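Below: one structure, written as structure tokens.
First listed ligand is number 1; within each ligand, the first listed atom is number 1. Because the structure is predicted, anything quoted here is derived from the model rather than measured.
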Amino acid sequence: MTQLRVPGPTPCPPEVLEAMAWQMVNHRGPEFHQLLADVTADLKKVFQTQNDVLLLTGSGTGGLEAAVANMLSPGDKVLSVTIGAFGDRFASIARTFGADVVSLKVEWGKAADPGAVRKALDDNPGIKAVLVTHNETSTGVTNDLAAISKVVKDAGKLLIVDAISSLGSINLPADAWNCDVVITASQKGWMVPPGMAMVSVSPEAWQAHASATMPRFYWDFTRAKKIFEEKKENPWTPAISIVYAFSVALKMMLKEGIENVFARHARVGKMTREGIIKLGLPLFADPAHASNTVTAVSIPEGLDGKKLRQVLREEYKVILAGGQQTLDGRIFRIGHLGLIDEKDVEEILSAIEKVLPLAGFKK
Ligand SMILES: Cc1ncc(COP(=O)(O)O)c(C=O)c1O
């Protein structure tokens, strides 16, 4: 079997793929109403929230853009806490829509220091919202969101979290951690194909939304909330097949138990990191904040990272990701989220071990 181990899209269970082939229904009819209500209720269990959860048709970046456009007004000052390429993208969206972005940039491979976030808020009065990435997929680092949230909420700011590659795989209790807006996307740990973003919105976020004036139409949260509450529908034609897929995948996740899902990700994350070290390869991320959904491996002198991934793909059907932006050629990444267990990790590590010498690596 192909081991698709990029950090999303991830492999889907056969039952989920079968759901993708179900016949279409009327998205304004009773079957879909029931389906959307059930999927939304199950999503709330994984978000661990009583807040509204909206399903938006689009990829994760669409969800990030929706969060910016719905929460902010042009000229609003926001703090971007960025630890990698996706944090930078979030800041760039806010800037594009006219926000006045103050960036707290952390060296790639490291997590944000909550104390530095506090200082940035103290140094920059007038900040309305903080944008932060829970799990930085480009570097394999998970931020201490509970601690960052405490700082942000103590300062009375809105907390907007990119949890695209963590939610559903790494514990993120949206309510217990006072997250105002949390964004994730179907193709990550959810075991569902790409196509939908899911966003939770707290009462405080709704208040901010009421006075936010950035332009929005397709992503308008008011429209999404109103039609869901009144009719259990989306404002626009949704990706119906993705909602089918969710209806099956979420039942699988809840049957396993979300605590068990998180524990399994912790086990495979640890096993991957330990296995990589045993092979003699250096890890890129700060071990204290290593991600349980994606491992970034530094490419040492002598190892041809592109050849490694090419032979893994062609001869072993193991598909890994390269580095992004400045990390291109410097790291490769192993996605271990969603449909994965220890046996898969063994298979991936064993294939890497076999290919390393062919790609020039000498231990
Ligand atoms: C942390 C993070 N943010 C944002 C994105 C962008 O999501 P998408 O590619 O679904 O637009 C990704 C996707 O890899 C991600 O991992």
Quick test: of every protein heavy atom, which one is nearest to [atom], and how far off is it to 0.1 Å?
| atom | value |
| --- | --- |
| atom 1 (C) of ligand 1 | T137 OG1, 3.2 Å |
| atom 14 (O) of ligand 1 | K188 NZ, 2.5 Å |
| atom 3 (N) of ligand 1 | D162 OD2, 2.6 Å |
| atom 12 (C) of ligand 1 | F86 CE2, 3.4 Å |

Open item on the list: Please check this pair: side chain of H336 against backbone of T295, looking for a donor-acceptor N/O pair closer than 3.5 Å.
Closed with: yes
Open item on the list: Using heavy atoms and a 4.0 Å limit, tell me yes or no: is Q187 in contact with ligand 1?
Closed with: yes
State the atoms of ligand 1, each with its element, that fall below the 4.0 Å cut-off from a heavy-atom position in [X].
| X | result |
| --- | --- |
| S59 | 8 (P), 10 (O), 11 (O) |
| I164 | 2 (C), 3 (N), 4 (C), 5 (C), 12 (C), 15 (C) |
| R89 | 6 (C) |
| S165 | 1 (C), 16 (O) |
| N135 | 1 (C) |

Open item on the list: Just by distance, no angles: are the side chains of S291 and T293 close enough, under 3.5 Å, to form a donor-acceptor pair?
Closed with: yes
Task: Separation between CZ of R5 and CG of L312, rounded to the nearest 0.5 Å - done: 13.5 Å
- [ ] Find the distance between OG (S169) and CD1 (I258) and round it off to the nearest 0.5 Å.
- [x] 11.0 Å
Task: ligand 1 N/O within reach of G60 N/O, cut-off under 3.5 Å - done: yes
Task: NZ/NE/NH1/NH2 to OD/OE distance under 4.0 Å, R264 and E256 - done: yes
Open item on the list: My understanding is that only residues two or more places apart in sequence, or in another chain, count here; which of them pass side-chain hydrogen bond (donor to acceptor under 3.5 Å, both in side chains) with S241?
Closed with: none
- [ ] Measure from NZ or CZ of K231 to the centre of the six-membered ring of F228, then state whether that distance is under 6.0 Å and the direction lies within 45° of the axis.
- [x] no
TODO: Specify side chain, backbone, both or neither for E136, according to which of its non-hydrogen atoms lie closer than 4.0 Å to ligand 1.
DONE: neither
Task: ligand 1 contact on T61 by region, counting heavy-atom pairs under 4.0 Å - done: both
Just distance, no hydrogens or angles: give the donor-acceptor pairs under 3.5 Å from side chains in residues 96-104, sequence neighbours left out.
residue, atom, partner, partner atom, Å
T96, OG1, S92, O, 2.7

Open item on the list: Show, in sequence, the C-alpha distance, side-chain angles and deciding distance for D88 and K105, and conclude whether the salt bridge (Lys or Arg N to Asp or Glu O under 4.0 Å) test is met.
Closed with: CA-CA 9 Å; D88 287 354; K105 277 183 181 278; 3.3 Å; yes
